[in-house]
Amino acid sequence: MTVFLFKEKKMAQKKLLLIDGNSVAFRAFYALYRQLDRFTSPDGLHTNAIFTFKNMLDAIMKQTDPSNVLVAFDAGKVTFRTKMYQDYKGGRQKTPSELSEQLPVIREMLKDLGIKSYELKNYEADDIIGTLSKMGEEAGYTVDIVTGDRDLTQLASDKTTVLITKNGVGDTEAYTPEHMKEVNGVTPTEFIDMKALMGDNSDNYPGVTKVGPKTASRLIQKYGSVEKLYEHVDEMKKSKLKENLINDKDKAILAKKLATIDRDSPVEVTLADTKLEEPNIEDLRNLYERLGFKKFLAELGASGVSAGKQESEKYEYLELTRENIADLDKINEKEVTFYLAMLGDNYHLAPLEGFSLKVSDKIYVSKDVVLLQEAPLRQMLEDKKIKKNVFDIKRTYVGLHRLDIDAEGLDYDMLLASYLVNNENNSNDLGEVAHLYDDYSVKTDLEVYGKGKKQAVPEDDEFFEHLAAKVAVIEKLKQPLLEKLKDHEQDDLYETIEIPVAFVLAKMEITGIKVEASVLNQLGNDFAVKLQELEHKIYQQAGEEFNLNSPKQLGHILFEKLNLPPIKKTKTGYSTSVEVLEQLKMKSPIVSEILDYRQIAKIQNTYVKGLLECIQPDSRIHTRYLQTLTATGRLSSVDPNLQNIPTRTDEGKQIRKAFVPSTKDGYIFSCDYSQVELRVLAHVSGDEHMQEAFKSGYDIHAHTAMKIFHLDSPDEVTPLMRRHAKAVNFGIVYGISDYGLSKNLGISRKQAKTFIDNYFEQYPQIKDYMDKAIKKARENGYAETIMHRRRYLPDIHSKNFNVRSFAERTAINSPIQGSAADIIKIAMINMQKKLDELHLKTKMVLQVHDELIFDVPKDELDTIKKIVPEVMQSAVKLDVPLIADSNWGHNWYDAK
DNA sequence: CCACTCACG
DNA sequence: ACGTACGTGAGTGGT
């Protein structure tokens, strides 16, 4: 669909987009390398690169909105560079045939899309791009270049931006001359000289021995160019570097030639040739059909531009109204599919707009949700013997509850199933989820309802079609999804954890937690006074008034007006984060006051004001737990987020005083797991030392301190040692690095490294676990929790060190964080069951990752004190004990 | 709509 | 040499 936006939009004046076709195709190929076998056309052609190329192209076109486009390709192996240096790009692996077979098809697709592609004998794509960008600049175009190859950044100028592709399909890093300076310390043209000194491993030509980016950048910054450097090389004082520079002069001179992009290559293309043309819809349709690209075919159909018919599947339906509802017979089927439509994400408040129902092969739709309360429908919804397939059990349950319907037999949840099968895409939209499984017969809500202010229910026909498609697709994809769950050994996770927990969460959300507005208002008044005082003092010291909430303006005051040293920079300017301000505290009293202001302003805006707006007429706040969002299996909480209520500072903690029990003299009771993640680690790693520590009930951080500092008795552990050991333990869970640890503790990297080395020496099986976790993720393509929750990690194969390292740390962390999430979910299910069994009035009201919070009537406190820790501790059986600590009080603040 | 900052586990 | 801790949501300013 994006493709057609080009012509609908008024075209930008004179914007030239140049794409390095081989480079982008290469990235596209490897982005879906894992899916190579899944992406084949009916006639056996691999299509992963073509498919991703189109997606990347759409993203780039949307981002750059060009009037002219050219995609440049390499013409072959022999170029003027190989004549100059025969090993140029030597030793490179041959392009895999699975990719090369796709290149002609990409060019065919470009042609059909109305985009010019071009190659030139003896020249590389780089040179075509260099030449065209020069032509473009001279003709007054702004130029965007897209490539994965950093060589091209030498073309950046005030008119040309070089976009380097990153991991995500549409993600790029924009190289302007300024950005170039930040990254390499040199200008784009100087970058050629830098490369002359460094050489290029991937293109297989050497530079000067022992000179890498750091040295090269320093030298070029000092001398300006290779030539100037050699003019002054004799003046350098004696060093190995000087020797190398002199010895390798020839190499440097040659490397400069190889690195320089030819901006005057004999291209036969004119700028007029690059003008974006109308796509050829029929050819595109044929191509997509040949390749089996349902997604893009659907876009052609949906665009309305199409002259062809391309019927997307339609589902027949009957409209139910108050007039014909009586004709509906009693529903006796064992299984039906149901969808409740509302306009908006927040199902506690969003207007209910309609529903659809599939009974056997008939689909019913309606805009009149009140009909659900009528006999045959209500009966069906409240009959637990009639199993309902839905998309999002929790939403459906809460929505029906608002209609005073107690839904029973909600049995299959397409959203939950799809989330467990693969949570890489965490969309909560039925249409988007269906598209993941190649079903394009249902649109997304965004397409049908629009977004923002213009969001609305469309005309009846379109709305009903949408509703009908939804139930049809829920049913259609049920078996495939259930089979996938079985294949993944996730049926247990799905049936015994996620489905039951959906109901537990629904009930918690419906209950909500009581919040005293008067407490928040009082706090708000106090904070307002403090803020005003601080504001006044800060303006006085700054000598002017400014917007304290603007990092930009604050940066100007601190680092330009008051000349404090700018410790850290961000993409857009000076960093003014806590980390930076803490270091500046000593230099000027204004800094401490800014920190105080920030802290209080945050509490005031986010918590006092934010929470007040969320209190409903029943004096309660009803958050929503997102059950299908996180990559690890944790919940998240929105509207409002009740999982990040302040606890670390005293001012912040005051907020908790507003969270109160709903009964007179009742209690807020809180019970949290002690060190779950470390206990999970002790369990999955099988490390005897750590297991022993937990079994003996030692203070784990003190124990770690003894180990890493080689102490004999706990008495020798100082508070500082314990603090350090605690940070090491956290670091282990996150997939530690010496840099991260040193930053966290404010110690040297070397010292951090010693801690880590000692740790691994003392807990060898932990080290072993980490290595194995990475290895397993590489082999399987995913990491897994104790309950078989998966997280796919395609980046684990990345050639990019950073990207790969991140995936490796994730492979270590996800099973730990995810297993802890599994455990508390089990505890929640058991807890709700226990509360029901004992007919208690106590309600479970909040979950904060390792903590459960209850609203307890006075006379149930003793029971709760006993059963909650019992249930939590026995949720699963690990090789180490699970411990949960309880606290209670007459508000959340006092439950500490 | 993104970047920054900061609240939580 | 690489440039880093893991997982979230919300308010604000500025384009």
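All values below were derived from every heavy atom in this structure, side-chain atoms included, with hydrogens, water molecules and symmetry-related copies excluded. Lettering follows sequence order; numbering is per chain, from 1. Since this is a predicted model, take the numbers as computed values, not measurements.
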What does A:V638 touch in the nucleic acid at a heavy-atom separation under 4.0 angstrom: a base, only the sugar-phosphate, or nothing?
sugar-phosphate
Residues in contact with DNA chain C, drawn from residues 599-614 of chain A - heavy-atom cutoff 4.0 Å:
A:K602, A:N605, A:T606
Using the ring centroid of each side chain, check whether A:Y759 and A:Y763 are separated by less than 6.0 Å.
yes
Using a 4.0 Å heavy-atom cut-off across all strands, classify A:N547 as base, sugar-phosphate, or nothing.
sugar-phosphate
Please list residues of residues 808-817 of chain A whose heavy atoms come under 4.0 Å from any atom in DNA chain B, ordered by number; otherwise none.
A:Q817
Side-chain N or O of A:T570 less than 4.0 angstrom from OP1 or OP2 on B:dC4?
yes
What does A:S737 touch in the nucleic acid at a heavy-atom separation under 4.0 angstrom: a base, only the sugar-phosphate, or nothing?
base
Which residues satisfy the side chain to side chain contact (heavy atoms under 4.5 Å, CB included) test with A:D885, sequence neighbours excluded?
A:D672, A:S674, A:I883
Just wondering, do A:L564 and A:V591 contact through their side chains at under 4.5 Å, heavy atoms?
yes
Aromatic ring pairing A:Y782/A:Y792, orientation class (parallel under 30°, perpendicular over 60°, tilted between):
perpendicular
Would A:S636 and A:Q643 count as having a side-chain donor-acceptor pair, cut-off 3.5 Å?
no
Classify the side-chain pair A:H179/A:E173 by whether it contains a donor and acceptor separated by less than 3.5 Å.
yes
Could you give the start and end, 5' to 3', of the contact zone on DNA chain C for chain A, using atoms under 4.0 Å from its heavy atoms?
C:dC2 to C:dT15
Enter the distance from A:I655:CD1 to A:T647:OG1 here, rounded to the nearest 0.5 Å.
12.0 Å
Which part of the nucleic acid does A:Q553 contact within heavy-atom distance under 4.0 Å: base, sugar-phosphate only, or nothing?
sugar-phosphate
Main chain of A:L534, side chain of A:Y539: is a donor-acceptor contact present, judged purely on distance under 3.5 Å?
no
Scan A:R749 against the nucleic acid and name what it touches under 4.0 Å (heavy atoms): base, sugar-phosphate only, or nothing.
base
DNA chain C contacts made by residues 674-682 of chain A, counting heavy atoms under 4.0 Å:
none
Comparing A:G731 and A:K552 on DNA chain C - which has the more 5′ nearest nucleotide:
A:G731
For residues 738-746 of chain A, run the donor-acceptor check on the side chains, cut-off 3.5 Å, and write out each pair with its distance to 0.1 Å, sequence neighbours left out.
unit_1 : atom_1 : unit_2 : atom_2 : d
A:S742 : OG     : A:D738 : O      : 3.4
A:S742 : OG     : A:Y739 : O      : 2.8

Is the A:H348 ring parallel, tilted or perpendicular to the A:H622 ring (thresholds 30°, 60°)?
tilted
Using a heavy-atom cut-off of under 4.0 Å over every strand shown, decide if A:F806 touches base, sugar-phosphate, or nothing.
sugar-phosphate
Is it possible for you to check whether A:R395 lies under 6.0 Å from the centre of the six-membered ring of A:Y347, through NZ or CZ, and within 45° of that ring's axis?
no
Before we go on, tell me: are the rings of A:Y893 and A:F659 under 6.0 Å apart, centre to centre?
no
How many angstroms lie between atom CD1 of A:I756 and atom OG1 of A:T754, to the nearest 0.5 angstrom?
9.0 Å
